[in-house]
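The block underneath contains the structure these notes are about, expressed in structure tokens.
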Amino acid sequence: MLQDGIDAIEDVIYHIETYDVTTIRASTPMFLMSRKIKSLGVKMVISGEGSDEIFGGYLYFHKAPNKDEFHHETCRKIKALHQYDCLRANKATSAWGLEARVPFLDKQFINVAMSIDPESKMIKRDEGRIEKWILRRAFDDEEHPYLPKHILYRQKEQFSDGVGYSWIDGLKAHADQHVTNKMMCNASNIFPHNTPTTKEAYYYRMIFERFFPQNSARLTVPGGATVACSTAKAVEWDAAWKNNLDPSGRAALGVHLSAYNAETPLSNMPSQVIDNIPRMIEVPGVAIQS
């Protein structure tokens, strides 16, 4: 439930040790899920961290202008994993004594995957190639299917979106109740380093600073512009993104099937979504209704 997640926010920030919006949004459901898994007596889980970074699975990769930019972005994402996804996966599970193993980040696998011509990883809608195309096709076995087609070829959803769109919308509404417009106007004076630009970010920062007031602590958290979990460099791929900065996959306007309304501010209020992108994904030999 939404309230369960909101009630856990402070514990999550304490254990995850970050004020990064993307990480907190995704860590909270993982934190709660880890608690449940551990209560069932499970000691170790397999997690998929790294696959989106290696294969360009995030929706903003649709806008990669060429294979060189595509490849350099995957490299940037892999090198930052310890500050984002791996930090989340490690600390959200460790908080409950649960061990998470990440097979996609096996060094030999990374060496092989990153040696693939990035042209083969690029997303090409006109050819029916969606995000993480190589990985999906590797599991597309007609005789002995690993997954149903509608699962194997469904659109990428980031963890914080995949648990339900009401989660992020609820977080924004909750933050709006605790952070005033006057506080936002003074944000640069209160938090000169990595100044929060939304009420949600300000809310997380207040909690973080209460637990970790040292300057050395706040300096460990990365910053910079992002859209749909991109690096700041990839924001340049689409001029429209500069006005729609948000780590949610729904900020990838023109790509996400239920994207944010371009006319709705992404900062605080619960989001309106649009749903006017064709849902039929063409796959050789089969048409998948997403």
- prompt: Linking I/L/V/M/F/W/Y whenever any side-chain heavy atoms sit under 4.5 Å apart, do V102 and I16 land together?
  reply: no
- line: Here the pair of heavy atoms bringing T197 nearest to A201 is N-CB, 4.4 Å
message: Would L105 and I110 count as a side chain to side chain contact (heavy atoms under 4.5 Å, CB included) here? Give the steps.
response: CA-CA 6 Å; L105 294 177; I110 292 177; 3.9 Å; yes
query: Under 30°, 30 to 60°, or over 60°: which ring-plane class applies to Y58 and Y60, parallel, tilted or perpendicular?
result: parallel
task: Check whether any side-chain heavy atom of K91 lies under 4.5 Å from a side-chain heavy atom of T18, and answer yes or no.
output: no
message: Strictly distance-based, threshold 3.5 Å: is any side-chain N or O of K67 a donor or acceptor partner for the main-chain N or O of D117?
response: no
task: Answer with yes or no after comparing the ring centroid distance for Y19 and F212 against a 6.0 Å cut-off, counting only values under it.
output: no
task: Taking the side chain as every heavy atom from C-beta outward, state whether R210 and I207 have any atom pair closer than 4.5 Å.
output: yes
task: State, yes or no, whether a side-chain contact exists between M114 and I78 at a heavy-atom distance under 4.5 Å.
output: yes
- prompt: Looking only at side chains, do Y14 and E10 share a donor and an acceptor under 3.5 Å apart?
  reply: no
- request: Could you go through the side chain to side chain contact (heavy atoms under 4.5 Å, CB included) check for K63 and E69 one step at a time?
  value: CA-CA 10 Å; K63 301 287 188 176; E69 279 292 307; over 6 Å; no
task: Indicate if L87 and M33 have the same hydrophobic cluster label, given that clusters are the connected sets of ILVMFWY residues with side-chain heavy-atom separations under 4.5 angstrom.
output: no
- prompt: Is there a donor in the side chain of S216 and an acceptor in the side chain of Q214, or the other way round, less than 3.5 Å apart?
  reply: no
message: Could you check whether any side-chain N or O of D176 sits under 3.5 Å from a backbone N or O of K172, counting only pairs where one atom can act as donor and the other as acceptor?
response: no
message: Could you check whether K79 pairs with E53 (Lys NZ or Arg NE/NH1/NH2 to Asp/Glu carboxylate O, under 4.0 Å)?
response: no
query: What are the two closest non-hydrogen atoms of A8 and T28, and how far apart are they?
result: CB-CG2, 4.3 Å
- prompt: So which heavy atom on M184 is nearest to which on P196, and how close?
  reply: CE-O, 3.9 Å
message: With a 4.5 Å cut-off on side-chain heavy-atom distances among I, L, V, M, F, W and Y, is there a chain of contacts connecting F31 to Y84?
response: no
message: Can you confirm whether more than 12 heavy atoms, excluding those of R101, are under 6.0 Å from its CZ atom?
response: no
- prompt: Is it true that E73 and K233 make a salt bridge, defined as a side-chain N closer than 4.0 Å to a carboxylate O?
  reply: no
query: Can you tell if the side chain of K199 reaches within under 4.5 Å of the side chain of N181, non-hydrogen atoms only?
result: yes
- prompt: Does the W237 side chain pair with the main chain of F61, one donor and one acceptor, at a distance under 3.5 Å?
  reply: no
field: S51 and L135, any side-chain heavy atoms less than 4.5 Å apart
entry: yes
message: Does any part of the side chain of R25, heavy atoms only, come nearer than 4.5 Å to the side chain of L171, both counted from C-beta?
response: yes
- prompt: Relative to F55, does K121 satisfy both conditions: NZ or CZ under 6.0 angstrom from the six-membered ring centre, and within 45 degrees of the ring's axis?
  reply: yes
message: Testing the basics here: between G50 and L81, what is the closest heavy-atom pair and its distance to 0.1 Å?
response: CA-CD1, 4.3 Å
- request: Answer with yes or no whether the hydrophobic clustering places V112 together with F104; edges join I, L, V, M, F, W, Y residues whose side-chain heavy atoms lie under 4.5 Å apart.
  value: no
query: Do the ring planes of Y203 and H178 sit parallel (below 30°), tilted (30 to 60°) or perpendicular (above 60°)?
result: tilted
task: Indicate if I46 and W96 have the same hydrophobic cluster label, given that clusters are the connected sets of ILVMFWY residues with side-chain heavy-atom separations under 4.5 angstrom.
output: no
- request: Measure across W133 and G128 and return the closest heavy-atom pair with its distance rounded to 0.1 Å.
  value: CZ3-O, 3.3 Å
message: Whether E142 and K149 form a salt bridge (side-chain N of Lys/Arg under 4.0 Å from carboxylate O of Asp/Glu) is what I want to check.
response: yes
- request: Determine yes or no for a side-chain-to-main-chain donor-acceptor pair under 3.5 angstrom, with R88 supplying the side chain and I24 the backbone.
  value: no
query: Taking all non-hydrogen atoms of both residues, which atom of G223 and which atom of N194 are closest, and how far apart?
result: CA-OD1, 3.6 Å
task: Apply salt bridge (Lys or Arg N to Asp or Glu O under 4.0 Å) to K43 and E99, showing your working.
output: CA-CA 6 Å; K43 297 181 179 180; E99 178 189 356; over 6 Å; no
query: Counting only N and O atoms by type, is there a donor-acceptor contact under 3.5 Å from the side chain of D141 to the main-chain atoms of H144?
result: yes
message: Quick check against the 3.5 Å criterion: does K77 have a side-chain atom that pairs as donor or acceptor with the backbone of D52?
response: no
- request: Taking T93 for its side chain and N90 for its backbone only, find out whether a donor-acceptor pair lies under 3.5 Å.
  value: yes
- prompt: Is it true that the side chains of D140 and Y153 contain a donor and an acceptor less than 3.5 Å apart?
  reply: yes
- prompt: Is a side-chain N or O of T226 found less than 3.5 angstrom from the main chain of S230, in a donor-acceptor match?
  reply: yes
- request: Give a yes or no on whether the backbone of L152 and the side-chain of R136 come within a donor-acceptor separation of less than 3.5 Å.
  value: yes
